[in-house]
Amino acid sequence: MRLIFVFPLLLILAACSSADAPPPLEGASIGGAFTLVNQNGETVSESDFAGKYRIMYFGYSYCPDVCPVDLQKLTQGFALFEKAYPERAAKIQPIFVTIDPERDTPEVMKDYVTAFHPRLVGLTGSEEQIVETARKFAVFRAKREEEGFTGYLMDHSRNTYLFDADGKPLALLPVDKNDDGSPSTPEQIAAVIEKWGPAEDAL
């Protein structure tokens, strides 16, 4: 479904471009080394993304509602930023990490991520690898089985991180709500990426 956005992106980005304060997550103990498998079945680690800013969202493909809505809004926001600043956007790698490796095989991940954005990378791995990665990135995950429900659901946190080119956390992207509790928009996500993402002089 194609969405029509009412407010001009550049006006929104300009209003949020002042970066006098330090990044909100500066110094936070979030992130670190990991070894996982991408949607093509290739082993990857954090060093494969060295030199690129990273957007990281944790969820799962069998999620019935939250994850697809979050990912749609996130990738729409990234696409808006990409259209306005293609050279800056090329320095950012969007990444989707599953918290359900039992079902999210590389093949499943490949079908899933390509539905959202051509540059979105999907990462999976063993249960042990996902547990360790989720711990390092401060992501909550828990399997939930309900009576009368076939299969299981995964409860998980929805923090969406923006990291710098060295893998240090910069800011949270508002895929769900803004700080005041109002629903966020793709334009607001794009504005946060513009504010804390790679600067023009870093290209």
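Keep in mind that this is a model prediction, so the values were computed, not measured.
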Measure the [atom1]-[atom2] distance between [X] and [Y] for me, rounded to the nearest 0.5 Å.
X    : Y    : atom1 : atom2 : answer
C67  : F58  : SG    : CZ    : 12.0 Å
N40  : K110 : CG    : NZ    : 4.5 Å
E26  : W196 : CD    : CH2   : 8.5 Å
C63  : I99  : SG    : CD1   : 8.0 Å
L123 : T98  : CG    : OG1   : 10.0 Å
F34  : E46  : CZ    : CD    : 6.0 Å

From CA spacing to verdict: side chain to side chain contact (heavy atoms under 4.5 Å, CB included), I130, D100: CA-CA 8 Å; I130 294 299; D100 182 21; over 6 Å; no

Within the side chain of [X], is there an N or O that forms a donor-acceptor pair under 3.5 Å with the backbone of [Y]?
X    : Y    : value
R144 : D155 : no
Q129 : S126 : yes
R158 : G59  : no
Q188 : T185 : yes
D164 : G167 : yes

Please report the shortest heavy-atom distance between [X] and [Y], naming the atom on each side.
X    : Y    : answer
P101 : E127 : CG-OE1, 3.5 Å
S157 : A138 : OG-O, 4.2 Å
K52  : Q93  : CD-CB, 4.2 Å
V113 : V121 : CG1-C, 4.4 Å
Q76  : P186 : OE1-CG, 3.5 Å

Y53 six-ring face occupied by K91 cation (under 6.0 Å, within 45°):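 The answer is no; the distance or angle limit is not met.
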
Aromatic Y62 / basic R103 pairing, under 6.0 angstrom, 45° off normal: yes

With a 4.5 Å limit on heavy-atom distance, are the side chains of [X] and [Y] in contact?
X    : Y    : value
I95  : I55  : no
I92  : P198 : yes
E194 : F81  : yes
V97  : M56  : yes
T160 : V175 : yes
R54  : Y161 : no
R88  : I193 : no

Ring centre gap for F96 and Y112 strictly below 6.0 Å: yes

Centroid separation F137 to F163 less than 6.0 Å: yes

Partners meeting side chain to side chain contact (heavy atoms under 4.5 Å, CB included) with E107 (sequence neighbours left out): T105

Set of residues satisfying side chain to side chain contact (heavy atoms under 4.5 Å, CB included) with respect to P86, sequence neighbours excluded: none

Worked check of side-chain hydrogen bond (donor to acceptor under 3.5 Å, both in side chains) between D104 and T124: CA-CA 7 Å; D104 282 340; T124 185; over 6 Å; no

Can a donor-acceptor pair be found between the side chains of [X] and [Y] at a distance below 3.5 Å?
X    : Y    : answer
Y57  : D70  : yes
D180 : S182 : yes
E82  : H117 : yes
K73  : S184 : yes

Note: K143-E102 ion pair, threshold 4.0 Å (strictly below):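 Yes, charged N to carboxylate O under 4.0 Å.
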
